[in-house]
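Here the structure is laid out as C-alpha cells; the discussion comes afterwards.
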2 protein chains.
Amino acid sequence: MSVDTQQVRMAQALREAGYRLTQPRLAVLQVLQENEAGLNPEEIHQLGKTLCPSLGLVTVYRTLDLLAELGLARRLHSEHQCHSYASARTDRHYLICERCHRVIEFPCHGLDELLESVRQHTGYTINEHLLELRGLCPDCQENQAVQRNA
Amino acid sequence: MSVDTQQVRMAQALREAGYRLTQPRLAVLQVLQENEAGLNPEEIHQLGKTLCPSLGLVTVYRTLDLLAELGLARRLHSEHQCHSYASARTDRHYLICERCHRVIEFPCHGLDELLESVRQHTGYTINEHLLELRGLCPDCQENQAVQRNA
DNA sequence: TCCTTGTTGAAAGAACTTTTCAATAAACTA
DNA sequence: TAGTTTATTGAAAAGTTCTTTCAACAAGGA
Ligand SMILES: [Mn+2]
Ligand SMILES: [Mn+2]
Ligand SMILES: [Zn+2]
Ligand SMILES: [Zn+2]
C-alpha cells in the first residue's frame with residue numbers, strides 16, 4: 001500500500017535524524033498521513049487520541065514543530081484558520097477548496113521564469129516560495145450545481 | 001504626493017462603505033501606509049500611538065479586521081510571525097526578506113498559464129491565489145557580504 | 001533485563017485575541 | 001453652531017492558543 005510506504009518513509013526520516021520513534025509521534029504522523037486536508041493542532045489531537053489514547057496536546061505541538069523542521073509536515077496559512085498542518089510531499093504548492101477545506105498539492109511547473117523576472121526587477125535573491133491557490137474542488141462544484149437545481 | 005493620494009483613496013473607501021472616518025482608524029491607515037514591512041498588531045499599536053495617543057490595541061485589531069474586509073489591508077503569513085499586516089495594493093504577491101523581514105509586493109506576470117494547467121489537471125476552479133517568495137533583499141545581501149569579509 | 005536519557009502529559013504560565021460595556025466623538029439635523 | 005443620534009472607542013475581563021516546567025515514563029542500546 002502506498003500509504004504505508006509513505007509512513008515508513010517518514011518514520012525512517014525521524015530515526016535517521018536521531019529522534020526516537022514513539023507512539024505519540026507515530027500517531028501524529030499517521031493522522032497527517034490519512035488526512036489530505038489541513039488540520040489544526042487541536043484536530044490532530046482529537047484524531048490522534050484514537051490511535052494513542054494518552055496523546056497530549058502539548059506533544060502534538062512539539063511533534064508538529066519537529067516534523068516541520070525535518071520537512072515532513074508543512075504549515076498552511078489561510079484566512080479562516082491560521083496554523084494548520086499537512087503532510088509534506090515534495091513541493092509547497094497547495095490547492096485549497098474554499099467550501100470543504102480540502103487541501104491538495106500540485107506539481108508546479110512554469111514558475112521559474114516568473115521567479116527569474118522578479119529576481120532581476122527587485123535585486124532580491126529568492127530561496128523558497130509558497131503558492132496557495134483557492135477555489136472549488138470538483139465535488140463541491142457538483143454539490144453547488146445540485147443545490148441550485150433543487 | 002503619492003503617499004497622500006493613496007491614503008485619501010483608502011479613507012474614501014472607508015467612508016463609501018458607510019464607516020466613520022475616525023482618528024484611530026486614520027492612524028492605523030497611516031501606519032500601514034508608511035511602512036512597507038509587514039507589521040503585527042502590537043507594532044501597529046506602538047506606531048499608531050504617536051499619531052493618535054489614545055489609540056487602544058483593541059481598536060487596532062478591530063480596524064485591521066475592517067480594513068482586511070474592505071480589501072485595504074492584507075494579512076501576511078510567515079513561519080516566525082503569523083499575523084502581520086501590510087497595506088494592500090492591487091495584487092497578492094509578496095516578497096519577504098528572511099533577514100530584515102521587509103515585505104514588498106511585486107507585479108506578477110506569467111502565472112495565468114500555470115493556473116490554467118492546474119485547473120485542467122485537477123478539475124478545480126481557481127478563485128484567488130497567494131504567492132509568497134522568500135529570500136534576501138539587496139541591503140541584506142550586502143550586509144552579509146560585508147560581515148563575511150570582516 | 002537493566003540503564004541511560006530523550007520524551008511525555010499535566011499543570012502553570014505566557015502570549016495573543018475577542019467580548020463586554022460605559023464613555024466618547026463622528027456625522028447628520030435644525 | 002448647537003443638539004441629537006448612534007457608531008466607535010478604550011479598559012477590563014474573558015477566552016484562545018501556544019510554551020515552559022518538571023516529575024514520570026518508555027525507547028533503544030548495553
Ligand atoms: Mn496566518
Ligand atoms: Mn500562519
Ligand atoms: Zn470542496
Ligand atoms: Zn533584508
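Throughout, protein chains are lettered first and strands after them, A, B, ... in sequence-line order, and every chain is numbered starting at 1. The basis for the numbers below is simple: all heavy atoms, side chains too, and nothing from hydrogens, waters or symmetry mates.
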Closest approach to the side chain of [X], judged atom by atom: which nucleotide of [options] is it?
X: B:Val58; options: C:dT18, D:dT9, C:dG6; value: C:dT18
X: B:Arg62; options: D:dT9, C:dC16, C:dA11; value: D:dT9
X: B:Leu55; options: C:dT8, D:dG10, D:dA27; value: D:dG10

[X] vs [N]: side-chain N/O to OP1/OP2 distance below 4.0 Å:
X: B:Arg20; N: C:dC28; value: no
X: A:Thr22; N: D:dA26; value: no
X: A:Tyr61; N: D:dC18; value: yes

In whole angstroms, how far is the [atom2] atom of [N] from the [atom1] atom of [X]?
X: A:Glu42; N: D:dG15; atom1: CD; atom2: P; answer: 17 Å
X: A:Leu64; N: D:dT17; atom1: CG; atom2: P; answer: 15 Å
X: B:Tyr19; N: D:dT8; atom1: OH; atom2: P; answer: 7 Å
X: A:Leu66; N: C:dG6; atom1: CG; atom2: P; answer: 14 Å
X: B:Arg15; N: D:dA7; atom1: CZ; atom2: C1'; answer: 12 Å
X: A:Leu14; N: D:dG28; atom1: CG; atom2: C1'; answer: 15 Å
X: A:Glu43; N: D:dC18; atom1: CD; atom2: P; answer: 12 Å
X: A:Arg25; N: D:dA26; atom1: CZ; atom2: C1'; answer: 12 Å

Separation between [atom1] of [X] and [atom2] of [Y], rounded to the nearest 0.5 Å:
X: A:Leu95; Y: A:Ile104; atom1: CG; atom2: CD1; value: 4.5 Å
X: B:Tyr19; Y: B:Leu70; atom1: OH; atom2: CG; value: 6.0 Å
X: A:Leu21; Y: A:Leu26; atom1: CG; atom2: CG; value: 4.5 Å

**Item:** Earlier contact from the 5' end, DNA chain D, for A:Leu21 and A:Pro41
**Value:** A:Pro41

**Message:** If you compare all heavy atoms of B:Leu57 against all heavy atoms of B:His45, which two are closest, and at what distance to 0.1 Å?
**Reply:** N-NE2, 3.4 Å

**Request:** Specify the closest pair of heavy atoms between A:Arg20 and A:Arg25, including all atoms of both residues, with the distance to one decimal.
**Result:** O-NH1, 2.9 Å

**Residue whose nearest DNA chain C nucleotide is more 5′ - B:Asp65 or A:Cys52** = A:Cys52

